[in-house]
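What follows is one structure encoded as structure tokens, with my remarks underneath.
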Amino acid sequence: MSIDVSGITKKFGDFVALDDVSVSLPTGQLTALLGPSGGGKSTLLRVIAGLEAADAGRVTIEGVDATRLPAQKRNVGFVFQHYAVFKHMTVAKNVAFGLEIRRKPKAEIAARVDELLRLVHLSQFSHRLPSQLSGGQRQRMALARALAVEPKVLLLDEPFGALDAKVRKELRDWLRRLHDEVHVTTVFVTHDQEEAMEVADEIVVINDGRVEQVGTPDQLYDEPANDFVMSFLGEVTTLGGVLLRPHDVHISATPQLAGAAEGTVARVLRVGFEVRVNVLTDDGEDVLVVLTRAHARQLGIEPGARVWVTPASGATTVPPMEAAVG
Amino acid sequence: MVEVSTPVRWLLRLAATGYVFFLVAWPVALVVRQTFADGLDNLLATFDDPNVVNALELTLVVACWAVVINTLFGVTISVLLVRYEFPGKRLLSALIDLPLSVSPVVVGLALLLVYNGRNGWFGPSLEDNGFQIIFSTPGMVMATCFVALPLVIREVVPTLTEVGDDQEQAARSLGANARQTFWRITLPSIKWAVIYGVVLSLARSLGEFGAVKIVSGNVTGSTQTATLMVEAKYQNFQQGTAYATSFLLILVSIACLVVVALLRPKHQ
């Protein structure tokens, strides 16, 4: 295990940011810390980096107890949400910073900076100031700067949070490809479940200062540990007293399956290729069903129509809120 | 912008320029005119007077020491105020503003009470060990430091706050220790604010009068600074020398303002 966190507790005044968190992050993988804002995921990342001191618990990086080590001795690369570029230095100087601190020979620094700028596609900008770069370029520069010192682990705190949607998606794919090239153990914080599912090998879901579940994107999606993970990873609806995904609801215009709930279509909304249908069952449940446009047309679904809904076979279901309080 | 009718606009401009003209421009211009009333005679005679030269040198020495000390402490205190939490922080912040509101004469008197050689708190013991503070350069430097204390701090604190500590944290995570982080990251990012504060302190230090008058003893040829000399010469009916020295002080102030004006746009 590359990073071992055990029993970390961190309070800011009365607010408990992390409550006895223990988690192990494997070597060479891309791990996402996923959770809602204020859930403690950024604090956990900063505790690992040594930018924040935990009130209790231990942090071990690559087998070395780092709990008492200051940030500059942990050899971790850190990328900040708002880039934290050195404004008065050129792009090349920014990337060279960590190497200059380590008093590497000039020729070696120049070669390494060159290599890294090529890796992040910023070679032609090496003599510019950060203020002359776009947000995406700045973040790539910050990444090169963090990678320059050959860190044992790379930590990214909401790295794409301040970028617009299109650049964000590009950088996300790029980070995945970069990681496949560089293979450094990487942990990134995000509140965007799509980002986490797309990029990460493993996801740690953090909420209210606690770890809710650890697993691969598929595990999390198919076998959520509780209603929180279930609803955080995607849209959910309630049918027959259980939570399930709207696309896992089987809908028909005739009573085909035993136990199907009968109801009336209350609302039909078409978004692109999919149709979102609100069904008000006779038991008083408001069920959201998502199906393709062709399927909806074939069933003749329109407001006021009588339909029968039931969980599709193999649907992921989770008992609702009350049952899953941990 | 609120639209203002043309006559009102002209009236406002007239009032503003008129106010500044009668309060600042005209009186200062008169000093310059008086200096050159007999050609360059006043200025040349001034430089021939060893007491004047002594006063100018002393002013420069005191001002330079005060600026150096205030810059070192100013930057340190600013970093302390912005980056660290400690009990008494608000009190310290309030105390730093005190020199702006308290009269320099009071400052002089206060220093006199603590450091004078006969019955001050520290004065006698310091004097026994060969350090004379009051009626000597150290006392004058202290008085000037006190008066110019807030200028560097009030420039640096907002800049330091605005810059934030992201860059410093990034430097730390890249392996820089506290000293390297300060010299390579913090100082370059507050550079213009520091320079601006230094220029303001220099202007203020050169012009200090009240506090220095009390702690210096105002002895001609030994502990008399330029501003004190202007007063003394004027009262001795040597107006020519007084005007010429004033002219030199004005010149330095204008030079400071020009430097500030040149720095301001870059700083923002």
Side-chain angles (χ1 to χ4, degrees), chain A residues 12-13 42 45-46 48-53 61 66 69-90 93-104 129-131 138-139 141-157 162, chain B residues 71 74-75 78-80 82-90 152 155-199 259-260 262-268:
Chain A
F12 296 106
S42 278
L45 198 74
R46 293 173 63 82
I48 295 172
L51 296 172
E52 210 84 69
I61 299 173
L69 276 185
Q72 70 261 33
K73 300 222 169 111
R74 294 196 184 192
N75 201 17
V76 298
F78 201 94
V79 173
F80 296 80
Q81 180 178 4
H82 296 287
Y83 328 128
V85 296
F86 302 142
K87 289 185 189 136
H88 58 286
M89 296 182 195
T90 62
K93 276 280 175 195
N94 261 279
V95 177
F97 185 85
L99 299 169
E100 282 176 359
I101 290 291
R102 284 166 177 72
R103 300 186 195 288
K104 299 271 191 218
L129 283 175
S131 56
R138 278 182 219 184
Q139 197 57 301
M141 186 199 81
L143 207 65
R145 182 177 71 181
L147 286 173
V149 298
E150 290 174 20
K152 281 182 262 179
V153 292
L154 182 62
L155 308 174
L156 304 102
D157 188 4
Chain B
T71 306
V75 172
S78 303
V79 171
L80 205 64
V82 177
R83 293 285 185 263
Y84 298 93
E85 287 300 325
F86 53 91
K89 182 167 149 173
R90 285 173 64 105
V152 171
E155 278 302 316
V156 174
V157 162
T159 312
L160 214 49
T161 311
E162 189 195 312
V163 169
D165 61 353
D166 267 18
Q167 296 183 52
E168 287 161 20
Q169 289 186 0
R172 285 307 188 90
S173 77
L174 289 167
N177 59 32
R179 196 173 46 83
Q180 287 165 323
T181 306
F182 177 78
W183 285 106
R184 286 166 181 255
I185 304 299
T186 313
L187 198 57
S189 53
I190 58 170
K191 184 172 66 182
W192 293 112
V194 174
I195 293 173
Y196 191 62
V198 164
V199 173
V259 170
V260 166
L262 288 177
L263 292 183
R264 213 34 163 174
K266 288 184 202 163
H267 171 50
Q268 277 170 348

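In what follows, chains are A, B, ... by sequence order, proteins preceding strands, each numbered from 1.
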Review point. Sub-3.5 Å donor-acceptor pair from the side chain of A:Arg74 to the main-chain atoms of B:Ser173, do we have one?
Key: no
Point to revise | Backbone of A:Ser42 reached by a side-chain donor or acceptor of A:Asp157 within 3.5 Å | key: no
Check your understanding: Would you call A:Leu129 and A:Lys87 a side-chain contact if the rule is heavy atoms closer than 4.5 Å?
Key -> no
Review point. Based on non-hydrogen pairs under 4.5 Å, which of A:Val85, A:Val149, A:Leu99 is most in contact with chain B?
Key: A:Val85
Point to revise | Residue A:Ala148 versus chain B: region with a heavy atom under 4.5 Å | key: neither
Practice item. Give the member of B:Ala176, B:Ser189, B:Pro188 that has the highest number of heavy-atom pairs under 4.5 Å with chain A. Key: B:Ala176
Practice item. To the nearest 0.5 Å, tell me how far A:Met89 CE sits from A:Glu100 CD. Key: 7.5 Å
Point to revise | Most chain B-contacting option - heavy-atom pairs closer than 4.5 Å, from A:Phe78, A:Phe97, A:Tyr83 | key: A:Phe97
Study note, to complete from the structure: Cut-off 4.5 Å, heavy atoms of chain B, and the answer for A:Phe80 is side chain
Exercise for review: Measure A:Lys73 against the heavy atoms of chain B and call it side chain, backbone, both or neither at under 4.5 Å.
Suggested key: neither
Review point. Taking the side chain from B:Gln180 and the backbone from B:Asn177, do they hold a donor-acceptor pair closer than 3.5 Å?
Key: yes
Check your understanding: Does any heavy atom of chain B fall under 4.5 Å from the side chain of A:Arg46, the backbone, both, or neither of them?
Key -> side chain
Review point. So which of B:Val194, B:Val79, B:Thr161, B:Val82 actually passes side-chain contact (heavy atoms from CB on, under 4.5 Å) with B:Val156?
Key: B:Val194
Review point. Which bit of A:Val79 comes within less than 4.5 Å of chain B, counting heavy atoms only: side chain, backbone, both or neither?
Key: neither
